[in-house]
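Reviewing the structure listed below.
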Amino acid sequence: MDIPASNFTALAEGQAYLNRTSPNPSDPAKTAAKEFEAVFLTQVMEEMLKTVPLGDMGGGFAEETWRSFLARAYADQLVEQGTTGIAASVENSISAYRAAMRG
């Protein structure tokens, strides 16, 4: 599976945005879980957006870039709403791993 370079650019921009707007996290597991959910949902949104016809205005490199940013914005909104449960599940798994490692 080829991943377009624009995806990496969008992810880097999204991470930079999160670094600028998020206060210092108190729990790295929560931050990692939310970021995992955002990256996963970004990929889902990008695939979904590929099925949306753009009519006469679609196509080209600019569209690919725009769609990746739009997909990340949608994903960030879903993460903030906390409706999917992905981040909570990942965070619970990290907590269980931590507990097991402590013995």
Side-chain angles (χ1 to χ4, degrees):
M1 174 178 156
D2 281 342
I3 299 174
S6 62
N7 290 0
F8 295 114
T9 303
L11 291 175
E13 289 291 332
Q15 184 61 50
Y17 171 79
L18 289 174
N19 290 341
R20 288 191 309 271
T21 60
S22 299
N24 289 335
S26 58
D27 185 10
K30 182 174 229 150
T31 303
K34 283 188 169 191
E35 181 60 21
F36 174 83
E37 182 178 16
V39 170
F40 174 76
L41 290 175
T42 298
Q43 293 297 315
V44 170
M45 289 292 169
E46 285 181 0
E47 291 302 314
M48 182 191 72
L49 288 171
K50 288 178 183 177
T51 67
V52 176
L54 292 178
D56 295 336
M57 299 301 285
F61 179 74
E63 178 202 344
E64 287 180 29
T65 302
W66 174 82
R67 282 189 179 203
S68 65
F69 283 106
L70 181 63
R72 181 59 190 232
Y74 284 152
D76 288 342
Q77 289 297 312
L78 287 170
V79 169
E80 289 305 313
Q81 291 174 3
T83 55
T84 65
I86 297 170
S89 178
V90 170
E91 188 176 358
N92 288 339
S93 295
I94 292 171
S95 295
Y97 178 76
R98 285 179 173 170
M101 292 306 291
R102 282 186 232 146

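Of all non-hydrogen atoms in Ala87 and Ala33, the two that sit nearest each other are O-CB, 3.3 Å.
By the side-chain hydrogen bond (donor to acceptor under 3.5 Å, both in side chains) test, Ser89 is found to be paired with no residue, residues two or more places apart in sequence or in another chain being considered. By the side chain to side chain contact (heavy atoms under 4.5 Å, CB included) test, Phe40 is found to be paired with Val44, Ile86, residues two or more places apart in sequence or in another chain being considered. With sequence neighbours left out, the side chain to side chain contact (heavy atoms under 4.5 Å, CB included) criterion links Thr83 to Leu78, Gln81. With sequence neighbours excluded, the residues that form a side chain to side chain contact (heavy atoms under 4.5 Å, CB included) with Ala71 are Thr42, Met45, Glu46, Leu49.
With hydrophobic clusters built from ILVMFWY side chains whose heavy atoms lie under 4.5 angstrom apart, Leu70 shares a cluster with Val79.
By the 4.0 Å N-to-carboxylate-O rule, Arg72 lies close enough to Glu35 to be salt-bridged with it. No salt bridge links Lys34 with Glu37; every basic N to acidic carboxylate O contact stays at or beyond 4.0 Å.
For residues 94-103, every residue pair satisfying the salt bridge (charged side-chain N to carboxylate O under 4.0 Å, His left out) rule, not counting sequence neighbours, is listed here: Asp27-Arg98.
Remark: Met48 CE to Leu41 CG distance equals 10.5 Å, nearest 0.5 Å.
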